[in-house]
Structure formats: structure tokens, C-alpha cells
Amino acid sequence: FGIISLFRELCGEILELRRRSKDAYQELCDAIISAVGDEIVLLSKVVPVLKEVIDFPETMDVVADQGNKEAKERLKYGFLQFFRVVSTHFDHLVLVLDDLQWTDAMSIELIDGIIGDKDNR
């Protein structure tokens, strides 16, 4: 996914926040876990660095027998929730969209979801 690099960058910003303010870092991690829920496990499979950034309970798990459509929707939901929470915790979050002609379909769906998210300010 082309959007994976965005989430790696956001994880880097979260790690930087941990260095600057452990309380703000913990507040952000708690908000992410609360908003994303069990989908954080799916996200960590796609963005493995997430496991290093956010300490989520090992008891969280995903249903193994999911259809592709259901798994895709859960992953999309998890990404959008993650982005919504992170974007509210950082003052100025700018997305630079470059070389979109090379972007895969899932990334386009996620970008469309981010742009169209009326609850994300």
C-alpha cells in the first residue's frame, strides 16, 4: 500500500512525542487503542512498526476466518480511526500527495476516506 509510508511517518511522530512528553504520548496511545479497538492488530500486521510504538494488550486478536471484503473493511476502518485520533493530537498535520498515478486502489480508498471524513477536523 502506498499509504503505509504515511503511517510509518506518523508512528515516527508518535515516537518523537514519547521522547518529549511521556504523558502526552500515553494519552495519545490510549486514545488510539480506544478508537481503533481490535483492528489495531490488523494495522500492526500491515504496519509492523506500530507494535514498537503502541503497547497494546496481547489479548486483542482478530477473527481468523474473515472474507476478503470484511477484512478489507475492518482494515480501512482501523486506518481511518487511527488517522482521526492522530490528526487531533498534532497541531499541524499536512499530507503531501505526490505521484498518485502509482498509488494502489486501497490507498486511494483510504485517502478518499480521510478527505471525506466529516468527523475529522
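The first residue of the sequence shown is numbered 1, and numbering continues consecutively from there.
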Atom of A71, atom of L42 and distance for their closest heavy-atom approach:
O-CD1, 4.3 Å
Is there a path from I14 to V49 through hydrophobic residues (I, L, V, M, F, W, Y) whose side chains come within less than 4.5 Å of each other?
yes
Transitively linked via ILVMFWY side-chain contacts under 4.5 Å: I114 with L50?
yes
Can you tell me how far apart CD1 (I33) and CD1 (I40) are? Round to the nearest 0.5 Å.
5.5 Å
Determine the interplanar angle of the F7 and F83 rings, folded into 0 to 90°, and report it as parallel if under 30°, tilted if 30 to 60°, perpendicular if over 60°.
perpendicular
A side-chain contact here means heavy atoms from C-beta on lying under 4.5 Å apart; do F56 and S44 qualify?
yes
Can you measure from CZ (F82) to CD1 (I54) and round to the nearest 0.5 angstrom?
5.0 Å
Counting only heavy atoms not in E9, do more than 12 sit closer than 6.0 Å to its CD atom?
no
So V85 and V36, do their side chains get closer than 4.5 Å, heavy atoms only?
no
Could you state whether I108 and L110 fall into the same hydrophobic cluster, counting links through intermediate Ile, Leu, Val, Met, Phe, Trp or Tyr residues with side-chain heavy atoms under 4.5 angstrom apart?
no
Distance col, row E70:CD vs L75:CG, nearest 0.5 angstrom, shows 12.0 Å
If you measure from CG on L10 to NE2 on H89, what distance do you get to the nearest 0.5 Å?
13.0 Å
Residues pairing under ring-ring contact (aromatic ring centres under 6.0 Å, His included) where one sits in residues 31-50, two or more places apart or in two chains, turn out to be none
From CZ (R84) to CD1 (I32), nearest 0.5 Å:
13.5 Å
Would you call F79 and V46 a side-chain contact if the rule is heavy atoms closer than 4.5 Å?
yes
Among K72, R74, K76, find the residue that satisfies the salt bridge (charged side-chain N to carboxylate O under 4.0 Å, His left out) test when tested with E39.
R74
I need the L43 CG to Q81 CD distance, nearest 0.5 Å.
10.5 Å
